[in-house]
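Worksheet: the structure to be examined is printed underneath.
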Amino acid sequence: MAKKIRTVFFCSSCGYESAKWLGQCPACKEWNTMVEAPAPAKTAGASSAAMSAGHSGIRRKPVPLSAVEETGEERFSTGFSELDRVLGGGVVAGSMVLLGGDPGIGKSTILLQAARNMAASGIETIYISGEESLRQIKMRGKRIGEISDRLRFLCETDLDAVTATLQEEKPRLAIIDSIQTMYSAQVQASPGSITQIREATGVLLRLAKETGITFFLVGHVTKDGNVAGPRVLEHMVDAVLYFEGDRYASYRVLRSVKNRFGSTNEIGIFEMRADGLSEVLNPSEFLLSGRPHDVGGSVVTCSMEGTRPLLLEVQALVCRTSYGYPKRQSTGTDFNRVSLLMAVIEKRLGVPMSQFDAYINLAGGIRQTEPALDLGIVMAILSSYRNVPADDHMIVFGEVGLSGEVRAVSVAQMRVQEAAKMGFTTCVLPRSNMRRLQIPEGMRLIPVSSLAELVDIL
Ligand code: TYD
Ligand code: MG
């Protein structure tokens, strides 16, 4: 009798494994995502058997942490201070970083530029491309400038050939563009399938741990913005970065969603130019450029992104609804939070919000959900509703509670200083933040403790 190949089903969105086909994935609740793939081969001597027999080949003793030698992790700079900061202070040697993002956003460009910088500082690097030919890479390279010979290129999609080359060449850094194009002949599945992606990442991860090569992997994203392929990919690597932004605008935001070696709330802002990406070192200035003057509904607020204050413009458009049900939309901030703030405005200030449509937008394509934006959002809504422009040189921040009270926010000092640095002269802030605040020269502070006081300012 012919031996039947055992197959299992994987969810193509989260990697959930099941013995039979299912219409809906029980783990991530997506429909029609289960795909069939050959079952991973069982290794001889299942671990449970070895355990019950009471013996196994190698037995390691558990150790207390005090017995573990401390070695500061080695990091190297990518030559981009923005990228270094998002990574938590440079790339950790031997780590694996996944970079996801929409096609054409600039993943290959940023990695080529980082590789070029690192090669220039003496780090042997191999850039493996499964997507572009050497000629195409050369064309891109020409735009970004001189490239050192320490950076070498390989066009390859065969995983075995890639690992063989890396084992032989032993570079310090390897870039895989992209993980979806890597293909192993030992796995019976088509290129780009979950099984292939899992295999490729697993093989490269083992190689990274064995040889200490640092890896950057490029990952494509699906239409809902996750790295294509199973979620397990994100679990396997040390850091996951997303490169986002509007393809049609020139700025790009680099965000970390997972980082074993640093914080995940830092962002880096880049601008795509004719000669590659360049860092935006003063994001507040960048985000406020093009701000309209003397129109109702535009208010500047301050949000913290990691350790950096960011000034941003909240725009609101409030107009009488022509349907029975008011339309609400928020871009860049939490929709539910905006709805809640509108309910607070209606109840505490008596503004008939339920008869008005409201559209809220954080200008510049940035996404922020910090409660400190509340007061700025409320101010923008009131300003648009009454058609009264807010003071051009004023920033507004504070958290709004359900009874219309204005609550303290963290690091008010830094926010006020950033505002002063950017030329603002008035700052509306929670009264409880006033204690121990050093007032920068030329700055007028207006403390508020309830929404009613905010109305008087307008
Ligand atoms: P790319 O890095 O190829 O995107 P990805 O790898 O994420 O798919 O970026 C390609 C886009 O960037 C393309 O639309 C051209 C543009 N670009 C510039 O504007 N300036 C440049 O110097 C380079 C290299 C690309
Ligand atoms: Mg690319």
Side-chain angles (χ1 to χ4, degrees), residues 78-80 82-83 86-87 91 96-120 125-148 151-159 162 173-183 191-192 196-197 200-201 204 215-229 233-234 237 239-257 267-281 286 364-365:
T78 60
F80 280 128
E82 294 285 288
L83 178 55
V86 173
L87 286 168
V91 200
M96 187 175 256
V97 180
L98 177 67
L99 175 68
D102 287 331
I105 202 81
K107 301 181 294 297
S108 305
T109 308
I110 194 173
L111 288 183
L112 181 63
Q113 285 181 273
R116 163 183 179 254
N117 297 341
M118 287 190 266
T125 305
I126 299 185
Y127 187 112
I128 296 156
S129 178
E131 303 198 331
E132 291 163 311
S133 68
L134 288 173
R135 277 232 192 89
Q136 283 169 311
I137 297 174
K138 181 152 190 171
M139 260 155 59
R140 172 173 306 123
K142 261 191 165 160
R143 298 175 74 165
I144 67 166
E146 191 78 21
I147 292 181
S148 138
L151 172 56
R152 286 171 296 159
F153 295 87
L154 176 71
C155 288
E156 186 60 79
T157 55
D158 182 350
L159 186 64
V162 168
L173 178 74
I175 291 168
I176 310 285
D177 188 0
S178 64
I179 190 70
Q180 276 87 4
T181 55
M182 292 299 131
Y183 172 79
Q196 285 289 2
I197 298 172
T201 314
L204 295 175
F215 276 96
F216 271 101
L217 310 182
V218 171
H220 290 181
V221 296
T222 56
K223 64 176 186 305
D224 46 344
N226 292 316
V227 172
L233 195 63
E234 295 193 359
V237 299
V240 182
L241 310 182
Y242 278 96
F243 209 27
E244 338 170 301
D246 190 357
R247 262 183 84 172
Y248 305 102
S250 60
Y251 55 81
R252 305 278 188 269
V253 178
L254 188 68
R255 188 185 291 280
S256 121
V257 295
I267 62 165
I269 301 183
F270 292 84
E271 189 182 1
M272 183 64 97
R273 301 228 187 122
D275 56 350
L277 287 155
S278 73
E279 311 176 76
V280 175
L281 295 173
F286 188 72

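All residue numbers in this chain count up from 1 along the given sequence. As the structure is a prediction and not an experimental result, all values here were calculated from the model. Counting convention: from 1, in listed order, for ligands and their atoms alike.
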Heteroatom distance test (G104, ligand 1): nitrogen or oxygen, under 3.5 angstrom: yes
Polar atom proximity, I144 to ligand 1 (N or O, under 3.5 Å): no
Considering only heavy atoms of [X], which atoms of ligand 1 have at least one such atom less than 4.0 Å away?
X    : value
R273 : 18 (C), 19 (O), 20 (N), 21 (C), 22 (O)
A274 : 20 (N), 21 (C), 22 (O)
D275 : 22 (O)
T109 : 1 (P), 2 (O), 9 (O), 24 (C)

Is it the side chain (CB and beyond), the backbone, both or neither of [X] that lies under 4.0 Å from ligand 1, heavy atoms counted?
X    : result
I110 : neither
R143 : side chain
D102 : backbone
P103 : backbone

N/O/S of S108 less than 2.8 Å from the Mg ion (ligand 2)? yes
Run the salt-bridge test on R252 and E271 with the 4.0 Å N-O cut-off and return the result as yes or no. no
What I want to find out is whether E132 reaches R140 closely enough, with some N-O distance under 4.0 Å, to be called a salt bridge. yes
Evaluate the side-chain proximity of [Y] to [X]: yes if any heavy-atom separation is below 4.5 Å, no if none is.
X    : Y    : answer
Y251 : F270 : no
D102 : V221 : yes
L112 : I144 : yes

Using modelled atom types only, decide if a donor and an acceptor are shared between the side chain of [X] and the backbone of [Y] within a distance under 3.5 Å.
X    : Y    : result
D177 : S108 : no
K107 : V218 : no
Q180 : H220 : yes

For ligand 1, is E131 a contact, meaning one of its heavy atoms is under 4.0 Å away? no
Measuring from the heavy atoms of G101, does anything fall under 4.0 Å of ligand 1? no
Which pair of heavy atoms, one from E82 and one from I267, lies closest together, and at what distance? OE1-O, 4.2 Å
